[in-house]
Protein chains: 2
Amino acid sequence: MPDQVEQWLAELLRLNDEEEKVTEKQIKIVQAAVEIFAEKGYSATSTSEIAQKAGVAEGTIFRHYKTKQNLLIAIVTPIMEKLVAPFVIRNFQEVLNVQYEHFEDFMRAMLINRLAFTRKYAPVLKVMIHEIPFNPDLQAQFMEHVSTNVVERVRRIVVHFQAQGQIIEAPADSIVRMCASTIVGYAVTRYLLAPERDWNDDEEIDLMVRFMMHGLSLNPVR
Amino acid sequence: MPDQVEQWLAELLRLNDEEEKVTEKQIKIVQAAVEIFAEKGYSATSTSEIAQKAGVAEGTIFRHYKTKQNLLIAIVTPIMEKLVAPFVIRNFQEVLNVQYEHFEDFMRAMLINRLAFTRKYAPVLKVMIHEIPFNPDLQAQFMEHVSTNVVERVRRIVVHFQAQGQIIEAPADSIVRMCASTIVGYAVTRYLLAPERDWNDDEEIDLMVRFMMHGLSLNPVR
DNA sequence: TATAATAATGAGTGATTACTCACTCTGATC
DNA sequence: GATCAGAGTGAGTAATCACTCATTATTATA
């Protein structure tokens with residue numbers, strides 16, 4: 001776990017905002033904070049506990065992150081950005097038209113890609129999910145990134161495939177929500193609720209794609 | 001909101017364990033606690049704040065609920081039991097065989113029923129969802145009620161309809177999870193994420209049933 | 001090696017925390 | 001009206017909270 005966290009941390013924090021200097025101790029702090037936040041929740045975690053686990057003086061935390069809340073934001077923000085990154089690329093719609101002739105291919109690709117992301121950042125995503133409802137700053141971030149950017153773009157894709165007659169004519173928002181529920185439901189079960197279970201990811205992905213494709217198909221049942 | 005909360009509270013606490021005496025102040029305390037827990041989270045809520053909002057001395061809270069954690073449990077436990085109640089009735093499977101010839105009817109009935117429940121107890125369910133991952137007692141309760149009771153029973157129903165050839169042959173757990181994701185995804189979006197949006201519940205329910213039925217149907221797509 | 005700048009420290013701060021307890025209040029029973 | 005039991009109180013407690021700051025250690029540049 002430490003190795004893994006340090007790996008993506010170094011990666012993330014460095015390419016965050018034009019090469020801000022990040023010290024060893026900063027990495028240790030974020031590392032420890034993520035672990036404890038994910039285990040006991042943000043509010044139930046004390047800064048002294050973080051300092052102890054990070055092997056750092058408590059003052060060091062406040063030297064780099066002025067407040068405890070600031071530390072939370074510094075942890076969640078880059079992950080939130082990376083979470084939506086694949087949807088915010090410039091030529092999203094064009095890539096789609098060219099590369100994915102069928103809705104199914106698009107869904108499978110996205111599913112595999114974002115599921116790998118979830119595995120990689122599971123602890124931070126857990127903290128994110130839990131703290132968004134109680135933190136106005138995170139709420140604003142979430143609204144901007146996920147609601148405004150992602151949902152709106154995916155909506156357009158749904159409309160696109162509806163016009164092609166590949167999926168049913170129903171409110172695009174509802175279609176987006178049902179697909180998102182299927183995927184998020186798996187991600188949560190897979191990595192948060194029962195990560196120790198034996199999972200056959202390939203089989204589950206095939207099943208979900210089938211479920212969603214059939215669910216949105218025009219064909220009548222039976 | 002207060003009226004609503006008081007209504008189900010009186011109803012709940014009274015038929016909880018053979019008519020334990022519940023005072024006016026106890027109702028006020030639980031009422032205030034639920035509201036603040038739902039708004040800022042359990043750990044971020046102080047007992048003094050609860051006392052203030054309830055119009056009660058802080059000592060009164062600890063007279064009835066020995067600890068803050070105890071108060072949380074006293075709030076969540078009865079709702080957790082009611083949440084799974086429809087699945088735990090004695091002759092669940094028989095009712096099903098007689099009353100619901102088709103999988104679709106069963107799903108629609110459950111969907112409507114549990115969605116009404118979610119609307120009624122939304123604040124407590126929010127608290128429940130947020131605190132289960134961090135509270136061993138609630139975790140144990142959830143495992144017992146939801147995992148052991150509900151999932152196991154619904155699993156058997158899925159297998160039943162699979163044998164009848166009404167739905168696809170896939171791991172029953174996965175089918176249960178995908179249906180649960182669809183429903184929970186709607187409940188969360190409807191009552192927690194965007195409760196102020198204009199929702200057409202009947203249309204959404206029809207759409208979800210269609211989505212799940214098509215998703216699990218045997219027919220090949222296109 | 002000297003100097004400047006930044007990183008790191010940890011004892012100390014007032015505020016707040018969950019919880020206690022000696023006490024008062026209230027209403028039912030004899 | 002005396003007695004008693006439980007409901008309710010609120011000042012008080014030790015512990016812990018996020019955060020500060022004067023001081024020291026480390027590093028980079030000259």
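Throughout, a chain's letter reflects where its sequence line sits, starting with A, and its residues are numbered from 1. For the numbers below, each heavy atom of this structure counts, side chains included, while hydrogens, waters and symmetry mates do not.
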Check your understanding: Does any pair with a residue in residues 143-155 of chain B pass salt bridge (Lys or Arg N to Asp or Glu O under 4.0 Å), and if so which ones, sequence neighbours excluded?
Key -> B:Glu152-B:Arg155, B:Arg155-B:Asp173

Point to revise | d(CD, A:Glu49; C1', C:dT17) in whole Å | key: 16 Å

**Study point:** Check: A:Arg197 side chain, A:Arg190 main-chain N or O, donor-acceptor pair, under 3.5 Å
**Key:** no

Review point. Within the structure shown, what part of the strands sits under 4.0 Å from A:Thr45 by heavy-atom distance: base, sugar-phosphate, or nothing?
Key: sugar-phosphate

Revision key, fill the gap. Taken in chain and number order and not counting sequence neighbours, the residues that satisfy salt bridge (charged side-chain N to carboxylate O under 4.0 Å, His left out) with A:Glu203 are none

Point to revise | Contacts of B:Ser174 that satisfy side chain to side chain donor-acceptor pair (under 3.5 Å) - sequence neighbours left out | key: A:Glu204

Practice item. With sequence neighbours left out, write down each residue that passes side chain to side chain contact (heavy atoms under 4.5 Å, CB included) with A:Asn70, or none if nothing qualifies. Key: A:Tyr65, A:Lys66, A:Thr67

Exercise for review: Consider only side-chain N and O atoms of A:Arg177 and B:Tyr186, and report whether a donor and an acceptor are under 3.5 Å apart.
Suggested key: no

Report all interatomic pairs (protein N or O, nucleotide N or O of nucleotides 4-11 of chain C) with separations under 3.5 Å.
residue, atom, partner, partner atom, Å
C:dA8, OP2, A:Thr23, OG1, 3.4
C:dA8, OP2, A:His64, NE2, 2.6
C:dA8, N7, A:Arg63, NE, 2.9
C:dA8, N6, A:Arg63, NH2, 3.4
C:dT9, OP1, A:Lys25, NZ, 3.0
C:dT9, OP2, A:Ala57, N, 2.9
C:dT9, OP2, A:Thr60, OG1, 2.5

**Study point:** Any donor-acceptor pair under 3.5 Å from B:Arg108 side chain to B:Asp206 backbone
**Key:** no

Exercise for review: Could you state the atom-to-atom distance from CG of B:Leu71 to P of C:dC19 in whole Å?
Suggested key: 10 Å

Point to revise | C:dT17 phosphate, OP1 or OP2, under 4.0 Å from B:Ser48 side-chain N/O | key: yes

Check your understanding: Sub-3.5 Å donor-acceptor pair from the side chain of B:Lys68 to the main-chain atoms of B:Tyr42, do we have one?
Key -> yes

**Study point:** Boundaries of the chain A footprint along DNA chain D (any atom under 4.0 Å from a heavy atom)
**Key:** D:dC17 to D:dT20

